[in-house]
Amino acid sequence: MKYSIGYQLPDENDSISEITEDLGDSISEIYFAWVGESSGRAPVETWSRCGREETGEIMISELSAAKARGIKLTLLFNAACYGDKAVSKSFRKRIAETIGLIEEKLEISAVTTTSPFVAATVKECFPEIQTRASVNMKIGTVQGMEYTDSLFDGYYMQREYNRDMEHIGRLRTWCDENGKTLHLLANSGCMYACSFQSFHDNIVAHQQTTDPDDSTDFSPSFCWEYLSRRDNLYRILCNTWIRPEDIKHYQKYFDTIKLATRTHANPRKVLSAYKRQYFPGNLPDLLEPGFSSLLDGRIIDNTRFPDDWFERVTGCNHRCMDYGYCKSVIDKVLVPVSDLYSPVYHGDSY
């Protein structure tokens, strides 16, 4: 199994260069947003101690090294909103200039976007680059793919279908028959069918232009407040993530599995766990977001999930009111942090 991981600027602990050197045999792609561009996460330069130009140089250097190791590169234009410029001539020019600038230094294999306008621009200006629909477009049906098949070469499946294997099979069949690729995000910690996602994603898209002096204390991440109530913690288990131990069931449907790691505190840990297809630790530590701070001195011990976990959660169709399975499992897996078994890790584990 190969994985697609998100780019992070290097810090004192790790870097993409080191990760690709150590674990490059399991990495097929690196996805990244360019400096100064809005995306589905905070702008990359907000994590940098350097100016924009120097940040761009660091990115080019690290991504070039990854490319030399045979790893493909995917550019993100996946902000939820591009404001009043969303279908403008000036935005089309910016898209073309940004891709052109990067292409002078790197070869991009694909552009993942939430914008049909971006996809159309890439098709027109860079026909050799594949276009992919972002997971945040929430395209999860054959009809949804058919509507946009002139714009996209591939689709990141709506994550709410991650545990519906029959439905995934139907999507893969359509993609194979129509020359498209199907992609999966495996470790999103976001809530299933989140009511706040569009609102939150739009706020993130405009983060660069937000005036901090005009901000209020209202949190767009309502999931944190919801899960802080003890009776709701079981909902973490009802979400769309896939345990590393279960990723083998997806291999026949997906050539590459995407891992959310652009803002994760330890992307090496995430990739290592999915590469091994085993993780003896606190499951939320692999997710983005993970909600670990809400567990109040406890962990969700990934080794304590029942043997029928995968079979049950891929057969319930998220009918939580009818089954209550995850409510019963949370009591088994939620344990004091002192109960965590900590084996000695070797090599590339952490």
### Task
Using side chain to side chain donor-acceptor pair (under 3.5 Å) as the criterion, list what pairs up with Y274, not counting sequence neighbours.
none

### Query
Can you tell me how far CD1 of I236 sits from CG of L294, rounded to the nearest 0.5 angstrom?
6.5 Å

Which atom pairs, one a donor and one an acceptor, fall under 3.5 Å between side chains of residues 91-101 and the rest of the protein, sequence neighbours left out?
| from | atom 1 | to | atom 2 | distance (Å) |
| --- | --- | --- | --- | --- |
| R94 | NE | E37 | OE2 | 2.9 |
| R94 | NH2 | E37 | OE1 | 3.2 |
| T98 | OG1 | R94 | O | 2.8 |

### Query
For residues R262 and S39, is any side-chain donor paired with an opposing acceptor at under 3.5 Å?
yes

### Task
Tell me whether the guanidinium CZ or amine NZ of R163 lies under 6.0 angstrom from the six-membered ring centre of W241 and within 45° of its axis.
yes

### Message
Pair Y155, W174 - check side-chain contact (heavy atoms from CB on, under 4.5 Å), show working.
### Response
CA-CA 11 Å; Y155 298 88; W174 183 89; 4.2 Å; yes

### Task
Spell out, as yes or no, whether a donor-acceptor pair under 3.5 Å connects the side chain of Q8 to the backbone of P267.
no

### Task
Kindly give the heavy-atom pair with the smallest separation between C326 and Y234, and that separation in Å.
O-CB, 3.9 Å

### Query
CG of D231 to CD1 of I330: how many Å apart, nearest 0.5 Å?
11.5 Å

### Query
Counting only heavy atoms not in K2, do more than 12 fall under 6.0 Å of its NZ?
yes

#### Entry: Under the ring-ring contact (aromatic ring centres under 6.0 Å, His included) test, residues paired with Y161 that sit two or more places apart
H167

### Query
Any donor-acceptor pair under 3.5 Å linking the side chain of S26 with the backbone of L23?
yes

### SB check E57 K105 (cutoff 4.0 Å)
no

### Message
With salt bridge (Lys or Arg N to Asp or Glu O under 4.0 Å) as the rule and sequence neighbours excluded, what pairs involving residues 171-196 come up?
### Response
R172-D176

### Query
Is K332 positioned over the aromatic face of F305, cation under 6.0 angstrom from the ring centre and no more than 45 degrees off axis?
no

### Summary
CG (N317) and CD (E166) are apart, to the nearest 0.5 Å, by 10.0 Å

### Task
Please check if atom CD in E128 has more than 12 non-hydrogen atoms from other residues, nucleotides or ligands closer than 6.0 Å.
yes

### By side chain to side chain donor-acceptor pair (under 3.5 Å) - contacts of R298 (at least two apart)
none

### Message
According to ring-ring contact (aromatic ring centres under 6.0 Å, His included), who are the partners of H206, at least two apart in sequence or on a separate chain?
### Response
none

#### Entry: Set of residues satisfying side chain to side chain donor-acceptor pair (under 3.5 Å) with respect to S17, sequence neighbours excluded
E62

### Query
With distance as the sole criterion, is a donor-acceptor pair present between the side chains of N302 and E245 under 3.5 Å?
yes

### Query
With hydrophobic residues grouped by side-chain heavy-atom distances under 4.5 Å, do V135 and I247 end up in a single group?
no

### Query
Residues in salt bridge (Lys or Arg N to Asp or Glu O under 4.0 Å) with R312, at least two apart?
D308

### Query
Can you tell me if D149 uses its side chain to pair, donor with acceptor, with the backbone of M145 under 3.5 Å?
no

## Note on the structure
The ring-ring contact (aromatic ring centres under 6.0 Å, His included) partners of Y7 (sequence neighbours excluded) come to none

## Note on the structure
In short, G40 meets N78 closest at the heavy-atom pair N-OD1, 3.0 Å

### Task
Start with the C-alpha distance between Y253 and M165, add both sets of side-chain angles, then the distance that settles side-chain contact (heavy atoms from CB on, under 4.5 Å), and finish with yes or no.
CA-CA 9 Å; Y253 301 115; M165 307 307 287; 3.8 Å; yes

### Task
Would you sort out whether T314 and D164 count as a side-chain contact (heavy atoms from CB on, under 4.5 Å), showing the intermediate values?
CA-CA 5 Å; T314 55; D164 188 336; over 6 Å; no

### Message
For a 4.5 angstrom cut-off between non-hydrogen side-chain atoms, does M59 reach S64?
### Response
no

### Query
Above 12 or not: heavy atoms from other molecules or residues under 6.0 Å from CD of E18?
yes

#### Entry: Enclosure of E107 CD (heavy-atom neighbours >12, cutoff 6.0 Å)
no

### Message
Taking the basic N atoms (NZ, or NE/NH1/NH2) and the acidic carboxylate oxygens, is any pair closer than 4.0 Å for D25 and K275?
### Response
yes

### Message
Tell me if a side-chain donor or acceptor on R69 pairs with a main-chain N or O of I71 at a distance below 3.5 Å.
### Response
no

### Message
Using only atom types and a distance under 3.5 Å, with no angle test, would you say the side chain of S15 pairs donor to acceptor with the backbone of D11?
### Response
no

### Query
Partners of S292 by side chain to side chain donor-acceptor pair (under 3.5 Å), sequence neighbours excluded?
N282, D285

### Query
So with a 6.0 Å cut-off around CG of N13, is the heavy-atom count from everything else above 12?
yes

### Task
Check for a donor-acceptor pair, side chain of T141 on one end and backbone N or O of G144 on the other, with a separation under 3.5 Å.
yes

### Task
Compare every heavy atom of Y250 with every heavy atom of N162, then report the nearest pair and how far apart it is.
O-OH, 2.7 Å

### Query
Atom OG in S134, atom OH in Y156: separation rounded to 0.5 Å?
8.5 Å

Show every donor-acceptor pair shorter than 3.5 Å between a side-chain atom in residues 183-203 and any protein atom, with sequence neighbours excluded, or say none if there are none.
| from | atom 1 | to | atom 2 | distance (Å) |
| --- | --- | --- | --- | --- |
| H183 | NE2 | T181 | OG1 | 2.8 |
| N187 | OD1 | A260 | N | 2.6 |
| N187 | ND2 | A260 | O | 3.2 |
| N187 | ND2 | L286 | O | 2.8 |
| S188 | OG | R159 | NH1 | 3.2 |
| S188 | OG | C190 | N | 3.2 |
| Q197 | OE1 | K138 | NZ | 3.3 |
| Q197 | OE1 | R159 | NH2 | 3.1 |
| Q197 | NE2 | N136 | OD1 | 3.0 |
| Q197 | NE2 | D201 | OD2 | 3.2 |
| N202 | ND2 | S198 | O | 2.8 |

### Message
Checking I257 against S4 for the side-chain contact (heavy atoms from CB on, under 4.5 Å) test, could you report, in this order, the C-alpha distance in whole Å, the side-chain angles of both residues, the deciding distance, and whether it holds?
### Response
CA-CA 6 Å; I257 299 291; S4 174; over 6 Å; no

#### Entry: Among K72, R132, K258, salt bridge (charged side-chain N to carboxylate O under 4.0 Å, His left out) partner for E29
R132

### Message
How close do G6 and T261 get, counting heavy atoms only, and between which atoms?
### Response
N-OG1, 2.7 Å

### Message
If only side-chain N and O atoms count, and only distance matters, is there a donor-acceptor pair under 3.5 Å linking Q207 with T210?
### Response
no

Side-chain donor/acceptor pairs under 3.5 Å, residues 112-126, sequence neighbours excluded:
| from | atom 1 | to | atom 2 | distance (Å) |
| --- | --- | --- | --- | --- |
| T113 | OG1 | F77 | O | 2.7 |
| T113 | OG1 | S115 | N | 2.9 |
| T114 | OG1 | A79 | O | 2.3 |
| S115 | OG | F117 | N | 3.1 |
| S115 | OG | V118 | N | 3.0 |
| T121 | OG1 | F117 | O | 2.9 |
| K123 | NZ | D153 | OD1 | 2.8 |
| K123 | NZ | D153 | OD2 | 3.1 |

### Task
Supply the atom-to-atom distance L63 CG to F32 CZ, rounded to the nearest 0.5 angstrom.
5.5 Å

#### Entry: Gap between atom CD1 of I27 and atom CD1 of I5 - 0.5 Å precision
4.0 Å

